[in-house]
Amino acid sequence: MSPLPKVEPARTSKQKLEDDKRRHALDTLQLVTGVGAVKARNLVTAGCTSIADMRKPEYYSTLTEAQKIGLRFVGQIPEPVTREQAETVLDFIRENISSKFEVHLGGSYRRGAPVSGDMDVILFHPTHVHVPTPNISHSSAFSNRKITGTSPLSSKSGSRMTKAEREASPLIKDVVQPLTQGGLIAATLSTGARKWQGVVRLPEKDKDGQWELMSERVKLVEADKGFFRRMDLNLVPWKSRGAAMLALTGDIEFNKDIRLKAGQLGMHLNEFGLWRWQSNEPEEPEANAEEAQQEGSWELMEADTEEDILAELGVDWIEPTKRNFAYVVGKPTKKKATTVKGKSKER
DNA sequence: CATTAGT
DNA sequence: ACTAATG
């Protein structure tokens, strides 16, 4: 009387256990900055199942430079940054670079969070850096295609930088270098013309409120002594300050929402500004080839503060601290029957 | 190009 | 939704 088909409990539970272990290994390896789903899977498949394993030469040698840095600071980087720590770093930066830079903190700090996962530093400079034209065509709503690399405009300007160009860039020369020599910057994860990502050692003040000696800080960095945190430096053209403040303050859902709104109004919003599409003169429509060459171009709108951009989008001012969770798009004096978005993830 | 990261 | 850097 046991017509029940027999299952195989031994095999099933063993399988389940191995699945759990594998998942745990994948999650663990992804604690290292720069290690994502693909790299973690490759490592686990190769037999690397722990942070300690990752330091073995056979695995370590497969890591990128950024992943090696991530591994070096894996015990420190996940630690949250307090507002006080962020403000200390901000003070230090202001004291150690040219006063021509206007320095702000974005991210969850600006949204009022008590602690943040990292520091998002925004640097405005009145002269340096130019504003790149968006790489998408206006009809992207229908044909989601980008302008091809054969476009005379897009092919060149956004291209890569040589090492020499990189070191001559204002972000590196005028910001990263002094902050490194000052003993703030401990390691670089990635660095380009307008974005630097890396690790800083929190500067400390002595009993008299004086910073540590510069030479002391540099030694402490080399000895891995102190508190290390993630920081991003963003160099922003003056004209892009409003768009950059919006983009770098977030949160993600807020950014998506106002960008969607811009698109619905036929505009394009990115961290460089609010753009409107300018069609080319039809000029002489006769005899034109089947493929119209240039349909038009994106032109930067005047709106260069957060207020102006939001106003242009028909959105009333929203305090940064209100950009965290549910927020309303549309007229505030009307019913609340407008789009409300929830949140999911925050550090 | 894919991967990772960032709001 | 959209962009930057790496390899």
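Atom set for the values below is all heavy atoms of this structure, side chains included, hydrogens, waters and symmetry mates excluded. Every chain is numbered from 1 and lettered A, B, ... according to where its sequence line falls, protein lines coming before strand lines.
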Kindly point out which of [options] is positioned nearest to the side chain of [X]?
X	options	answer
A:R111	C:dT3, C:dG7, B:dT7	B:dT7
A:V38	B:dT4, C:dG7, C:dA5	B:dT4
A:S190	C:dA5, C:dA1, C:dG7	C:dA5
A:Q197	C:dT6, B:dA5, C:dA1	B:dA5
A:H268	C:dC2, B:dG6, C:dG7	C:dC2
A:R259	C:dA1, C:dT3, B:dG6	C:dA1
A:D120	C:dT6, C:dA1, B:dG6	B:dG6
A:F272	C:dA4, B:dT4, C:dA1	C:dA4

Any side-chain donor-acceptor pair under 3.5 Å between A:D308 and A:T305?
-> yes
Looking just at side-chain N and O atoms, do A:T64 and A:Q67 make a donor-acceptor pair shorter than 3.5 Å?
-> yes
Could you tell me the separation between the [atom1] atom of [X] and the [atom2] atom of [N], rounded to a whole number of Å?
X	N	atom1	atom2	value
A:N234	B:dA5	CG	C1'	12 Å
A:W196	B:dA5	CH2	C1'	14 Å
A:L248	B:dT7	CG	P	9 Å
A:E271	B:dA5	CD	P	18 Å
A:D251	B:dG6	CG	C1'	13 Å
A:L189	B:dA5	CG	P	10 Å
A:L235	C:dA4	CG	C1'	13 Å
A:L63	B:dT4	CG	P	12 Å

Within the pair A:N270 and C:dC2, is there a side-chain N or O less than 4.0 Å away from OP1 or OP2?
-> no
Between A:R110 and B:dT7, does any side-chain N or O lie under 4.0 Å from OP1 or OP2?
-> no
Using a cut-off of 4.0 Å on non-hydrogen atoms, how would the nucleic acid contact of [X] be classed: base, sugar-phosphate, or nothing?
X	answer
A:L269	sugar-phosphate
A:R230	sugar-phosphate
A:A66	nothing
A:D118	sugar-phosphate

Geometric cation-pi criterion A:R201 and A:F227, 6.0 Å radius, 45° cone = no
Is the NZ atom of A:K68 crowded by more than 12 outside heavy atoms at less than 6.0 Å?
-> yes
List the atom of A:Y59, the atom of A:G47, and the distance in Å for their closest heavy-atom pair.
-> OH-C, 3.2 Å
Minimum-distance pair of heavy atoms, taken over all atoms of A:R259 and A:E271 | NH2-N, 3.9 Å
